[in-house]
S.K.: 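To start, I am sharing the structure in question, which I have written as structure tokens.
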There are 2 protein chains.
Amino acid sequence: MSKETFQKRITQLRTFLSEQGRLPSYSEMCELFKVKSKQAVARVVDKLIEHNLVEKDSAGRLIPKGIKGGARLVGTVQAGFPSAAEEELCDIMSLDDFLITNHVASFLLKVSGDSMIEAGIQPDDLVLLERGKQPSKGDIVVAEVDHEWTMKYYEKVGGKTVLKPANKNYPTIVPKEELVVAGVVTAVIRKYH
Amino acid sequence: MSKETFQKRITQLRTFLSEQGRLPSYSEMCELFKVKSKQAVARVVDKLIEHNLVEKDSAGRLIPKGIKGGARLVGTVQAGFPSAAEEELCDIMSLDDFLITNHVASFLLKVSGDSMIEAGIQPDDLVLLERGKQPSKGDIVVAEVDHEWTMKYYEKVGGKTVLKPANKNYPTIVPKEELVVAGVVTAVIRKYH
DNA sequence: TTGACAAGTGAACGATCGTTCACTATACTT
DNA sequence: AAGTATAGTGAACGATCGTTCACTTGTCAA
């Protein structure tokens, strides 16, 4: 099979996966690849496994691996875009898998206010929170302090926990009564429209 | 079936999905749910479809819908965390699906330099680019200008395209020879470690 | 206590699954 | 031109798929 044909079929699989949420069966791949025999498909699948794009479970069912839903990570802004030829070599990265390490404890909150603007967190950004994680000095946390919710830097001053904004127009918060850290910010996501 | 049992089973499905990359078959759900009959599973599936968590394709195979890999979107920072009781009601959002609208034309680049710092884009952030999209005034673009790659605001001054940084220490770029817009920034992603 | 509904059992169904067989067609090398 | 992999064909296989049957058990309200 030519390299171009193989790449085209990977794209077809990727499209099917993102549309159907699963990999096609062998018969479905026959239609997809315009071939009439499952044996032909089986050879393609073997090649996919060689390239670490899919896996097989114990019953022979296909599990997506390198072929998942994310975007290609291709380099840096300075280096610019790779040529079309290099593109295919790059890793596909699922943003879900990349950002979310603890599925059950992760939440998204929309940012309101500009108290963390100097940390590059703007109003209407989304922050990914991991609940129950122990915050370290300098982490950004979402906390309930004196019955109000806020997002700030988690800092220690003289053995006492304080919450520092990343905006010089706001004061550092020294909790009077109670400080409940609800979660640690593990990622920031901003989408442009 | 009690509400708690149902929620537990949704969690089991979600775990299976994120581990195996697919939804379990009816027999596998029998083991997963600790029941012995597929009829029992079929009723659970019907309930999942009612709640819009999964779909069935024409052949009866299950397609994940509301049950996908993302994180729960639960509100705003000001409002804080919902109570544990409310949590389950929230939408699960796949970050892949949310951020990436055009799979084949989307790429990730790592940001180098601080020329967009005032737009909340810091060094080592990731930007999601859509290649080939027509930029509008005010969009952030990655472009090759006079043989160098850079990320800037896309602006028009007197009918001519210029690239403005979001950092007052950098000058506006007026392209001398050529300006090639490689892609428009559609999202910014920052991960803390 | 009884009745009604929900949840689970166990067995059967045709359809499709992934695998494997022997064979043919195409492409490329020597 | 002959030889050799590579790619595709077509048919068969047992296993598992999702569906459906009649039936039993569990739960809660009247």
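First the proteins, then the strands, lettered A, B, ... as listed; each starts at 1.
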S.K.: With nearest nucleotide decided by heavy atoms, which residue, Lys36(B) or Ala59(B), maps closer to the 5′ end of DNA chain C?
M.R.: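 It is Lys36(B) whose nearest nucleotide is closer to the 5' end.
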S.K.: How many Å lie between CG on Leu23(B) and C1' on dT16(D), as a whole number?
M.R.: 17 Å
S.K.: Distance check needed: dG18(D) P versus Glu55(B) CD, whole Å only.
M.R.: 16 Å
S.K.: So which nucleotide from dT9(C), dG18(D), dT19(C) ends up closest to the side chain of Tyr26(B)?
M.R.: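 Ranking dT9(C), dG18(D), dT19(C) by closest atom to the Tyr26(B) side chain puts dG18(D) first.
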S.K.: Out of dG10(D), dC17(D), dT19(C), which has the shortest distance to the side chain of Lys38(B)?
M.R.: dC17(D)
S.K.: If you check every side-chain atom of Arg61(B), which of dT16(C), dT9(D), dG18(C) has the closest atom?
M.R.: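 Minimum distance to the Arg61(B) side chain belongs to dT16(C).
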S.K.: Any idea which heavy atoms bring Leu32(B) and Gln12(B) closest together, and the distance?
M.R.: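 Between these two residues, the closest heavy atoms are O-NE2, 3.1 Å.
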S.K.: Side chain of Arg9(B), heavy atoms from C-beta onward: which of dG8(C), dG18(D), dT9(D) has the nearest atom to it?
M.R.: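 The listed nucleotide nearest to Arg9(B)'s side chain is dG8(C).
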S.K.: Check whether any side-chain N or O of Ser25(B) sits under 4.0 Å from OP1 or OP2 of dT16(D), and answer yes or no.
M.R.: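 No, Ser25(B) has no side-chain N/O under 4.0 Å of OP1/OP2 on dT16(D).
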S.K.: Taking only side-chain nitrogens and oxygens of Ser37(B), does any of them come within less than 4.0 Å of OP1 or OP2 of dG10(C)?
M.R.: no
S.K.: Can you tell me if Asn167(B) uses its side chain to pair, donor with acceptor, with the backbone of Met116(B) under 3.5 Å?
M.R.: no
S.K.: Expressed in angstrom and rounded to an integer, what is the separation of Arg43(B) atom CZ from dG18(D) atom P?
M.R.: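 About 17 Å, once rounded to whole Å.
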S.K.: In this structure, how many angstroms lie between the P atom of dG18(C) and the NZ atom of Lys56(A), rounded?
M.R.: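 That distance rounds to 9 Å.
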S.K.: Could you tell me the separation between the CZ atom of Arg22(B) and the C1' atom of dC17(D), rounded to a whole number of Å?
M.R.: 12 Å
S.K.: Of all the nucleotides listed (dT20(C), dA22(D), dG18(D)), which has the minimum atom distance to the side chain of Ala42(A)?
M.R.: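 Of all the options, the side chain of Ala42(A) is nearest to dT20(C).
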S.K.: Starting at atom CG of Leu62(B), determine the distance to atom C1' of dC17(C), rounded to an integer number of angstrom.
M.R.: 16 Å
S.K.: Considering heavy-atom distances to DNA chain C, does Lys34(B) or Met29(A) have its closest nucleotide positioned more toward the 5' end?
M.R.: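 Result: Lys34(B).
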S.K.: Any ion pair linking Lys133(B) and Asp139(B) (charged N to carboxylate O, less than 4.0 Å)?
M.R.: no
S.K.: Checking Glu50(B) side chain against Lys47(B) main chain: does a donor-acceptor pair fall under 3.5 Å?
M.R.: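 Side chain of Glu50(B) to backbone of Lys47(B): no pair is present.
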S.K.: Is the closest side-chain donor-acceptor distance between Lys164(A) and Thr172(A) under 3.5 Å?
M.R.: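 No, no side-chain donor-acceptor pair sits under 3.5 Å.
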S.K.: Measure from CZ on Phe33(B) to P on dT9(C) and round the result to the nearest Å.
M.R.: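 Phe33(B) atom CZ is separated from dT9(C) atom P by 13 Å.
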S.K.: Without decimals, in angstroms, what is the distance between Asp57(B) CG and dC17(C) P?
M.R.: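 Roughly 10 Å, once rounded to whole Å.
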